[in-house]
Amino acid sequence: MAVEQRDPSSNANFQELVVTHVDIVWNVNFEQKKIGGSSRLYIKALKATKQLVLDGQGLNLKSIKSEGKHLEFSLTKNSIFGETIHIEMDPIEPGQERTVDFEYESGQNASALQFLGKEFTKDQKEPFLFSQCQAVYCRSILPCMDTPAVKHTYSAKVSVPSHLTCLMSAVSGDKTVSGDRAVFEFKQSVPIPIYLLAIVVGHLEKRDISDRCAVWAEPSLVDSAAYEFADTEKMLKTAEDLAGPYVWGRYDLVVLPPSFPFGGMENPCLTFVTPSLIAGDRSLASVIAHEIAHSWTGNLVTNANWEHFWLNEGFTVFLERKIMGRLYGEKVRQFQAVCGWEDHMLPCIHEAFGPTHPYTQLITNLENADPEDSYSEIPYEKGSAFLMYIEQQIGSNERFEEFLRAYLQKFKYQSISTQDWRDFLYEFFADEKEILDKIDFETWLRQPGIPPNKPKYDETLIEACRNLAKQWTSSADVNSITCDGFSAMSSEEKTKVLQCIRAECPLPEQKIKCLAETYKLDKSPNCEILFAYTEIICKSRWLEGLPVALRFITTYGRLKYLKPLFKDLFAWPAARNKAIEQFNKNVPVMHPISVHVIKRMLETEGKK
Ligand code: BES
Ligand code: ZN
């Protein structure tokens, strides 16, 4: 394997030394909103060196020792994000191993953490804490090699108030109570990249789904969560069928407060999810299929740096849709794929970035860049479309699935670059070299804008959605819209109808009003439907609908929604000040990552 030797988002000297294991001892302090304690890094030299260089951000480093001896260290501030920690050590030879001990505390407002007062939780009884380390925030809670190129195991002992539960991205062990504190123990025995380190502390209850799956949530939510995610074991089995054995032991879910900036996060053994997935009818389960898929694509085979992020997300969307296809039929898979192309990839290229923007390339250049700025639907949708296109060129879904299994087998427990994948593709399909040679890899991977080819999609399910949307967009008179069928559609089909309408916006006020009333859109429990409707409001600048949009950005913390909505609201003169006002009001309960992203949007906007 060609080991990717650089990571523009980390300054750690992982070319010289690697971390093989970390032992963590933490104390969670809700009063000071800090995590503090110690960690022991087990390191192994690849080259002779006298330096250990780690990533950090705002950490209060109290001491660094190795085998009892104090080590000198200094910090330099990085130009984009965080600090570099330079540690002087006794010389170490290739192959030699050593331990280094750190005592530290997380800083004020550590970017990986959100501490929430009890009033901001569902049950309003106890405070809550959760972490979000992907992509580069782990460095704000412990000194580490914050690069996905390095993988290691970890163990942890965490002290929290005794009436709360602590969970981590690992298998839980003993719990010991003494006085008003409880110590929870964890072990992750599969090597992971550090961005998968995760912790959650709160008033949590558990419902078992199967022998290896359970749902955790605040007491008043836990039963509806268990109902919503009841298909988890079935999905996990289907994923194993497609991808190979599940190596992580448990697959649990934990429902976080609404400020969690993602739909789901694939923390090993414990996927984190937004409460907005609880729609009451299991209609948002594809997010769970996605996070399950990451157990292979991302967590087992990992992108070597964030420039190759499509290896994580593009493969995961591809596998997610394979799972959905196995469970609900190939037509459903095809439907989801074409929606991905039309409603997620195209708007991202045309509206969010513009067709020549380098962040619309599958492989990005992150030299001197904040990985947060490059985050978009591109790696997800352009990436999965590329795999689907290759599958169709090969001409057999079965053979491509064999390839996928062989790829996962070959690169499991490793971190790889796009070139590693491409070399293995040629190796596996050695007998199909002529077909592969005709694929325009360079344009797909390195050029911005719309991909050079479009996969062929079965459009059976999408036709009815398009037809219904057309009635709304093309009729001169709302009274002439006769075709209903909406209520009989699945939530995903309903979303697609609205997405088709959105693509034709602005729409006249009368029409939106009638659309909203006919389909009771602002009452939808499905956040995708509500989001598509909110976008119709914003794109049409329908003033009467503005309260719906302002409520949406306050209720749902997912960045996937916040980014496009804030962008539209800031550009809409009659809404702009209200949106800024709403944002400023929400800051105290918003996630630090979301605050950072929206602030940056306002700043860069001013520079245009
Ligand atoms: N791993 C991602 C979330 C992520 C990516 C966090 C990059 C930080 C940096 C997760 O698996 C994800 O993709 N979540 C999606 C949902 C999914 C169904 C597309 C989301 O939150 O929108
Ligand atoms: Zn993902």
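Numbering of ligands and ligand atoms starts at 1, following listing order. Nothing fancy with the numbering, it's 1 onward along the sequence.
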Inset, instruction - Taking the side chain as every heavy atom from C-beta outward, state whether Glu381 and Cys348 have any atom pair closer than 4.5 Å. - result: no
Legend entry - Aromatic Phe260 / basic Arg558 pairing, under 6.0 angstrom, 45° off normal: no
Inset, instruction - Heavy-atom cut-off of under 4.0 Å around ligand 1: list whichever protein residues fall inside it, by chain and number. - result: Gln132, Gln134, Phe262, Gly263, Gly264, Met265, Glu266, Val287, His290, Glu291, His294, Phe309, Glu313, Tyr375, Tyr380, Arg558, Lys560
Inset, instruction - Compute both the distance and the angle, then confirm whether Arg333 meets the cation-pi test with Phe318: under 6.0 Å from the six-membered ring centre, within 45 degrees of the axis. - result: yes
Legend entry - All salt bridge (Lys or Arg N to Asp or Glu O under 4.0 Å) counterparts of Glu493, not counting sequence neighbours: none
Legend entry - Test item: side-chain donor near acceptor, Ser189 and Thr153, under 3.5 Å: no
Legend entry - N, O or S atom within His294 nearest to the Zn ion (ligand 2), by name: NE2
Inset, instruction - Evaluate the criterion side chain to side chain contact (heavy atoms under 4.5 Å, CB included) for residue pair Leu270 and Val200; output intermediate values, then yes/no. - result: CA-CA 10 Å; Leu270 183 71; Val200 51; 4.0 Å; yes
Inset, instruction - Report the angle formed at the Zn ion (ligand 2) by atom NE2 of His290 and atom OE1 of Glu313, rounding to the nearest 10°. - result: 100°
Legend entry - Test item: Lys382 side-chain N/O and Thr360 main-chain N/O as donor-acceptor pair under 3.5 Å: yes
